[in-house]
Structures are given as C-alpha cells and as structure tokens.
Trainee: 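Quick one: this structure, given as structure tokens, is what I'll be asking you about.
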Amino acid sequence: MSKILIRGAKVLGGAAQDVLIDGETIAEVGTGLSAEGATVIEAEGQVLLPGLVDLHTHLREPGREDSETVLTGTRAAASGGYTAVFAMANTFPVADTAGVVEQVWRLGKESGYCDVQPIGAVTVGLEGKQLSELGAMHESAARVTVFSDDGKCVDDAVIMRRALEYVKAFGGVVAQHAQEPRLTEGAQMNEGIVSAELGLGGWPAVAEESIIARDVLLAEHVGSRVHICHLSTAGSVEIVRWAKSRGIDVTAEVTPHHLLLTEELVRSYNAVYKVNPPLRTERDVLALREALADGTIDIVATDHAPHPHEDKDCEWAAAAMGMVGLETALSVVQQTMVETGLLDWAGVAERMSFAPARIGGLENHGRPVSAGEPANLTLVETSYRGVVDPAHFASRSRNTPYEGRELPGRVTHTFLRGRATVVDGKLA
C-alpha cells in the first residue's frame, strides 16, 4: 500500500499537524513531515478524527435487502466517517445463532467499506421467552460481545437477569431497548399535549424510564454490564446519572435525531418523523445534550434504520418507525454539541469513536491518532454548510428527517486501515 501524507489537519480539533500513513498504520505525527512518493492531502483548516464507531446500526441483511444491505449500509457508514459499525440482530432470520452472526460478519469483510461487528439477539427470535445461543455467538468467528433484542424490549425481568449473568462470564454487555410493552400498546408518538391535540396514541416517558430503573438495579445485583439504547427522556438521564453515582456498570447512548428534533414536527403527519423511541419535548432535547456533554450519556449512536419508500410514504399509523442516520450523524452532532459550545472536537472523538469502541470491545478502533496505531481516520471539513439531499445518499433508503435542512460539516476523507474509502467527499 502506498504512503499518504495528510498535511496541516487539526488533530482532534487541536493544533495543525501532519499525519503520515504507511500501509495500514500511522507512521508519524508531527509538523513539517515529508515522504517521498506519498500521496499528499492538503487538509488545512480541517479536523482529523479517529474513525467513527457506531454501536447501533441496522443493516437489514439478511431478509430485508429492499431496505439496506451490508454493502450499501457500510458505504453509507464510510460516507459518514465511520470505520466500524455494530449491526443489530433484528434481521430475517434473526441473528440469534452462530451461523447468522458469522454470515453478517463475513458480508462485512467482503464489503470492504468498514468493519461490521454483529450484535447477537438476547432471546430466540427476539420473542423474549428463551435465551439465544449467547456463548456460541461469542465463540464464533464473529466474536460477539454485545447482545440486544433492539426493536423489542427484554421485558421479562427473569430473562434479563439470566442474560446479564450469562454475558458476565466473558465480559459481554446486554444493550436494552427500554420500552415497557404494556405501557406503549398502540403508541404512535410521545405522550403529552401534542399527542392529545393530534389524537395519536401516546408513548409515555415512564415506559422507558421504568425499564431503565429496573435494569440498572438488575445489573448492580448481578455485577454485570448493561447498556441503554437510544435514551430519550430527561427522566432517563436522571436515572442513569443516579446509577453511575452508585457505581453501577451502566452506559448509555443518544441518537442524533433525539439531540435535534422534537415532537412538534409530528404535527406535519409526515411519517419520516415516526421513530422508536419517539421524538420528545424541547426540555428532553436540552437534557440529553447536557447529559452527553457531562458524560452521563456515554456515546452517540445513530440507530440507522432504513426503510423502503412504501413503508414511509403512507398514513402515519401504518408507517414503519425509524430514520436513516449514518450519513448525517456527525453534522448533527457538530450543530447541536460543537457549535453550541457543549463539546469540543476531542469530546466528539470520545463519544463517537473512543467510547463506543471501548463499550463494544473493538480493540483496533477508537484508537489515538498517533504513531503505531491503526490508520482508521476521518477528515472533516467543519466550515462546510450544505442542504441535505437524500438523492445523494449511499444508503439504499432515503427516510431522513433532514431533507432540505442545512447542516454543517462534511466528511472529505475516510481511511480504513490506511485505505481510502472516501476521497474528496465521494466513495472511493
């Protein structure tokens, strides 16, 4: 592989430096670097980050290739600056056996645009009744360490306890979709004034908060790790903050859309805004931003949920829940967290690369930008402003809530082990 010299980039938003990539590795970081025969990238004014890591992606394959495939999903990930994604288990068939997780893992290897780490289902068929082959999935070639029934909640406390006990044996983590099903039957949006005015079934905050409260106590009792998917309410923030103060081993994620969008958008009845958990209030949005800034919420995860046109272009009640997010996540974080002064770029690197890699046990991602480290890198033109046009997405689906909205920043280059997957803003 050839040498690449990135010249004058602000590493993690700090001082301008040169970074020399030689093969799959960062060879040198400093100023005034040169390398004979190297491809030179003039990056003055741009921010260089470690390759982003998404702990919560839906790639849909196998079974729903009309929405996304591992290839198209990883192309979308690379376009958004990601070098690794964790693929959720709610596929068809469900990723609840060693065979299925190995299939997804191998498809990721073949795609070449980013590393794909499968997430295994907690229960057989996501039905919440019987533990799946947790140990076999961990021992498989895919080396699964994160388990989730995302899309559904593990609502049975006994099953959740057993899962936490089981994964503790090999340092795994259970990622919980916190949604008490009996409290959300027929729910269409956040429960409150807006749902009452629109006549849509309400989704109360307590349906999320009650599961989180139960699960952090279970994790404490068992002495295991629990991760909270797509935390969305101010009350949930307070529960996680309390749990961490008590020393409970809990981590939590927030999605970009919950950092920016509110339930007021549902007044349009545009199903692109229908998501699980639902868009909440302005108060919740501000609480989530503060919690991400102070570390109560550990990471940003996209919950990239692609759907074909016909599953969204229909009446609200019939529409599927979910939004694509890989290609816009970094821009939303720049707008909501960096430009508001809540985070600097080093903080973004922690929450979108270092911490998710740590939680998911990815040793070769989320590494420092320094000599001897794997050359998984993302170069961001932070001064850029552009209107979101889903026609240009690499994802197979177009269900973005940001269509027509101006967002800051764009990924100009992404490198996976020294190989460019994105060059000048276009897929390599």
Trainee: Looking at Thr145 and Gly361, would you say the former's side chain and the latter's main chain have a donor-acceptor pair under 3.5 Å?
Mentor: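 Such a contact is absent between Thr145 side chain and Gly361 backbone.
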
Trainee: Below 4.5 Å, heavy atoms only, C-beta onward: do Thr97 and Met137 meet side chain to side chain?
Mentor: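 Counting from C-beta outward, Thr97 and Met137 never come under 4.5 Å.
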
Trainee: Looking at every heavy atom in both Ser232 and Asp284, which two are closest together, and how far apart are they?
Mentor: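 That would be O-CB, 3.8 Å.
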
Trainee: Is any side-chain N of the basic residue among Glu165 and Arg161 closer than 4.0 Å to the acidic one's carboxylate O?
Mentor: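 Counted as a salt bridge, because a side-chain N and a carboxylate O are separated by less than 4.0 Å.
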
Trainee: Assess the residue pair Arg289 and Glu339 against the criterion (salt bridge (charged side-chain N to carboxylate O under 4.0 Å, His left out)); give the C-alpha distance rounded to whole Å, side-chain angles, the decisive distance to 0.1 Å, and a yes or no.
Mentor: CA-CA 12 Å; Arg289 292 183 187 181; Glu339 296 185 353; over 6 Å; no

Trainee: Please test Thr72 against Glu68 for side-chain hydrogen bond (donor to acceptor under 3.5 Å, both in side chains), starting from the C-alpha separation and ending with a verdict.
Mentor: CA-CA 6 Å; Thr72 61; Glu68 194 79 282; 2.5 Å; yes

Trainee: Without swapping roles, check the side chain of Ser268 against the backbone of Asn270 for a donor-acceptor pair under 3.5 Å.
Mentor: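 Yes, because the side chain of Ser268 sits within donor-acceptor range (under 3.5 Å) of the backbone of Asn270.
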
Trainee: Less than 6.0 angstrom separating the ring centers of His304 and His56, yes or no?
Mentor: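 Centroid separation for His304 and His56: 6.0 Å or greater.
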
Trainee: Is there a donor-acceptor contact under 3.5 Å from the side chain of Arg419 to the main chain of Gly112?
Mentor: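 Answer holds: yes.
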
Trainee: Just by distance, no angles: are the side chains of Asp303 and Thr255 close enough, under 3.5 Å, to form a donor-acceptor pair?
Mentor: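 No.
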
Trainee: Less than 4.5 Å apart, any side-chain heavy atom of Leu5 and any of Ile41?
Mentor: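 Of all side-chain heavy-atom pairs linking Ile41 with Leu5, none is under 4.5 Å.
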
Trainee: Before accepting this row, confirm whether a basic side-chain N of the pair Glu253/Arg351 lies closer than 4.0 Å to the acidic partner's carboxylate O.
Mentor: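 A salt bridge is absent here (no side-chain N lies under 4.0 Å from a carboxylate O).
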
Trainee: Mind checking ring-ring contact (aromatic ring centres under 6.0 Å, His included) for His307 and listing every partner two or more places apart, or none if nothing turns up?
Mentor: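 Checked His307 against ring-ring contact (aromatic ring centres under 6.0 Å, His included); zero matches.
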
Trainee: List the steps, then state whether side-chain contact (heavy atoms from CB on, under 4.5 Å) holds for Val332 with Tyr402.
Mentor: CA-CA 10 Å; Val332 174; Tyr402 310 116; 3.7 Å; yes

Trainee: With a 4.5 Å heavy-atom cut-off, do Ile6 and Leu48 have their side chains touching?
Mentor: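 Answer yes - side chains close enough.
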
Trainee: Please check: side-chain N/O of Arg283 versus main-chain N/O of Ala234, any donor-acceptor pairing under 3.5 Å?
Mentor: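 No, the answer is negative, given that no donor and acceptor are paired below the 3.5 Å cut-off.
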
Trainee: Look at the side chain of Glu327 and the backbone N and O of Gly80, then say whether any donor-acceptor pair between them is shorter than 3.5 Å.
Mentor: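 Judged by distance alone, no pair lies under 3.5 Å.
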
Trainee: If you measure from CD1 on Ile359 to OG1 on Thr251, what distance do you get to the nearest 0.5 Å?
Mentor: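 Ile359 CD1 to Thr251 OG1: 4.0 Å, rounded to 0.5 Å.
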
Trainee: Output, in order, the C-alpha distance, side-chain angles, deciding distance and verdict of salt bridge (charged side-chain N to carboxylate O under 4.0 Å, His left out) for Glu208 and Arg280.
Mentor: CA-CA 12 Å; Glu208 174 175 301; Arg280 304 289 190 180; 3.8 Å; yes

Trainee: Is the backbone N or O of Val122 less than 3.5 Å from a side-chain atom of Asp149, with the two atoms forming a donor-acceptor pair by type?
Mentor: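 Yes; judged by distance alone, with no hydrogens or angles, the pair exists.
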
Trainee: Look up atom CE in Met321 and atom NZ in Lys274, then write down how far apart they are to the nearest 0.5 Å.
Mentor: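 Nearest 0.5 Å value for the CE-NZ distance: 4.5 Å.
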
Trainee: If we count only N and O atoms by modelled type, under 3.5 Å, do the side chains of Glu180 and Ser210 hold a donor and an acceptor together?
Mentor: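 The criterion, which ignores hydrogens and geometry beyond distance, is not satisfied for Ser210 and Glu180.
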
Trainee: Is it true that Glu350 and Arg358 make a salt bridge, defined as a side-chain N closer than 4.0 Å to a carboxylate O?
Mentor: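 Yes, this pair counts.
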
Trainee: Are any side-chain N or O atoms of Lys312 and backbone N or O atoms of Ala319, one a donor and one an acceptor, separated by less than 3.5 Å?
Mentor: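 Such a contact is absent between Lys312 side chain and Ala319 backbone.
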
Trainee: Using side-chain contact (heavy atoms from CB on, under 4.5 Å), reason through Val285 and Thr336 one step at a time and then give a plain yes or no.
Mentor: CA-CA 10 Å; Val285 167; Thr336 58; over 6 Å; no

Trainee: Using the salt bridge (Lys or Arg N to Asp or Glu O under 4.0 Å) definition, which of the options Arg64, Arg60, Arg398 pairs with Asp311?
Mentor: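 Answer after filtering Arg64, Arg60, Arg398: Arg64.
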
Trainee: Provide the closest heavy-atom pair for Asn399 versus Val272 in the form atom of the first, atom of the second, distance.
Mentor: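 Distance-wise, the nearest heavy atoms are C-CG2, 3.9 Å.
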
Trainee: Quick check: do His309 and Ser397 have side-chain heavy atoms less than 4.5 Å from each other?
Mentor: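 His309 does not reach Ser397 side chain to side chain.
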
Trainee: Rounded to the nearest 0.5 Å, what's the gap from OG1 on Thr184 to CD on Gln179? Could you check?
Mentor: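 Interatomic distance, Thr184 OG1 to Gln179 CD, rounded to 0.5 Å: 3.5 Å.
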
Trainee: Less than 4.0 angstrom from a charged side-chain N to a carboxylate O is my criterion; do Arg143 and Glu139 meet it?
Mentor: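 Salt bridge between Arg143 and Glu139, a charged N being under 4.0 Å from a carboxylate O: yes.
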
Trainee: For Trp242 and Ile248, run side-chain contact (heavy atoms from CB on, under 4.5 Å): C-alpha distance rounded to whole Å, both residues' side-chain angles, the deciding distance at 0.1 Å, then the answer.
Mentor: CA-CA 9 Å; Trp242 169 84; Ile248 298 172; 4.3 Å; yes

Trainee: Is a donor from one side chain sitting under 3.5 angstrom from an acceptor on the other, for His177 and Asn276?
Mentor: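 Yes, a side-chain donor-acceptor pair sits under 3.5 Å.
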
Trainee: Supply the atom-to-atom distance Asp54 CG to Phe86 CZ, rounded to the nearest 0.5 angstrom.
Mentor: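 Asp54 CG to Phe86 CZ: 9.5 Å, rounded to 0.5 Å.
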
Trainee: Determine whether Glu263 and Thr281 satisfy the following criterion, side-chain hydrogen bond (donor to acceptor under 3.5 Å, both in side chains), listing intermediate values before the conclusion.
Mentor: CA-CA 6 Å; Glu263 63 178 1; Thr281 67; 5.8 Å; no

Trainee: Side-chain donor-acceptor pair under 3.5 Å between Glu282 and Thr262, yes or no?
Mentor: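 Absent: no donor and acceptor within the cut-off.
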
Trainee: Please examine the side chains of Ile159 and Thr123, heavy atoms only from C-beta on, and report whether any two atoms are closer than 4.5 Å.
Mentor: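 Counting from C-beta outward, Thr123 and Ile159 do come under 4.5 Å.
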
Trainee: State whether Arg396 and Asp66 are salt-bridged, where the test is any N-O pair (Lys NZ or Arg NE/NH1/NH2 against Asp/Glu carboxylate O) under 4.0 Å.
Mentor: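 Asp66 and Arg396: not salt-bridged.
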
Trainee: Working to the nearest 0.5 Å, report the span between CD of Glu28 and CD1 of Ile21.
Mentor: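 Result: 13.0 Å between the selected atoms.
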
Trainee: Evaluate side-chain hydrogen bond (donor to acceptor under 3.5 Å, both in side chains) for His413 paired with Thr378, printing each intermediate quantity in order.
Mentor: CA-CA 6 Å; His413 294 75; Thr378 298; over 6 Å; no

Trainee: Can you check whether Ile299 reaches His227 side chain to side chain, under 4.5 Å on heavy atoms?
Mentor: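 Sidechains of His227 and Ile299: in contact.
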
Trainee: Please check: side-chain N/O of Glu403 versus main-chain N/O of Pro390, any donor-acceptor pairing under 3.5 Å?
Mentor: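 Not confirmed, Glu403 side chain does not pair with Pro390 backbone.
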
Trainee: Can you give the donor-acceptor pairs under 3.5 Å from side chains of residues 341-349 to other protein atoms, not counting sequence neighbours?
Mentor:
{"unit_1": "Asp344", "atom_1": "OD1", "unit_2": "Ala346", "atom_2": "N", "d": "3.3"}
{"unit_1": "Asp344", "atom_1": "OD1", "unit_2": "Gly347", "atom_2": "N", "d": "2.8"}

Trainee: Cut-off 3.5 Å, side chains only: do His365 and Ser353 have a donor facing an acceptor?
Mentor: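 Their side chains do not contain a donor-acceptor pair, so the 3.5 Å distance test is not met.
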
Trainee: So Phe393 and Val388, side-chain contact (heavy atoms from CB on, under 4.5 Å) or not? Walk me through it.
Mentor: CA-CA 9 Å; Phe393 281 1; Val388 176; 3.9 Å; yes

Trainee: Does some side-chain heavy atom of Ser331 sit less than 4.5 Å from a side-chain heavy atom of Gln334?
Mentor: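 Sidechains of Ser331 and Gln334: no contact.
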
Trainee: State whether the side chain of Tyr384 and the backbone N or O of Thr412 hold a donor-acceptor pair below 3.5 Å, judged by distance alone.
Mentor: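 Checked: no pair found.
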
Trainee: Are the side chain of Thr414 and the backbone N or O of Thr421 linked by a donor-acceptor pair below 3.5 Å?
Mentor: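 Answer holds: no.
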
Trainee: Would a 4.5 Å heavy-atom cut-off, applied to side chains only, mark Glu110 and Val70 as touching?
Mentor: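 Glu110 does not reach Val70 side chain to side chain.
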
Trainee: Quick check for you: to the nearest 0.5 Å, what is the distance between Ser34 atom OG and Leu20 atom CG?
Mentor: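 Rounded to the nearest 0.5 Å, the OG-CG separation comes out at 9.0 Å.
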
Trainee: Which pairs would a plain distance check flag for residues 213-224, meaning a side-chain donor or acceptor within less than 3.5 Å of a matching protein atom at least two apart in sequence or in another chain?
Mentor:
{"unit_1": "Arg214", "atom_1": "NH1", "unit_2": "Asp155", "atom_2": "O", "d": "2.6"}
{"unit_1": "Arg214", "atom_1": "NH2", "unit_2": "Val154", "atom_2": "O", "d": "2.8"}
{"unit_1": "Asp215", "atom_1": "OD2", "unit_2": "Gln176", "atom_2": "NE2", "d": "2.9"}
{"unit_1": "Glu220", "atom_1": "OE1", "unit_2": "Arg246", "atom_2": "NE", "d": "3.0"}
{"unit_1": "Glu220", "atom_1": "OE1", "unit_2": "Arg246", "atom_2": "NH2", "d": "3.4"}
{"unit_1": "Glu220", "atom_1": "OE2", "unit_2": "Arg246", "atom_2": "NE", "d": "2.7"}
{"unit_1": "Ser224", "atom_1": "OG", "unit_2": "Leu164", "atom_2": "O", "d": "2.9"}

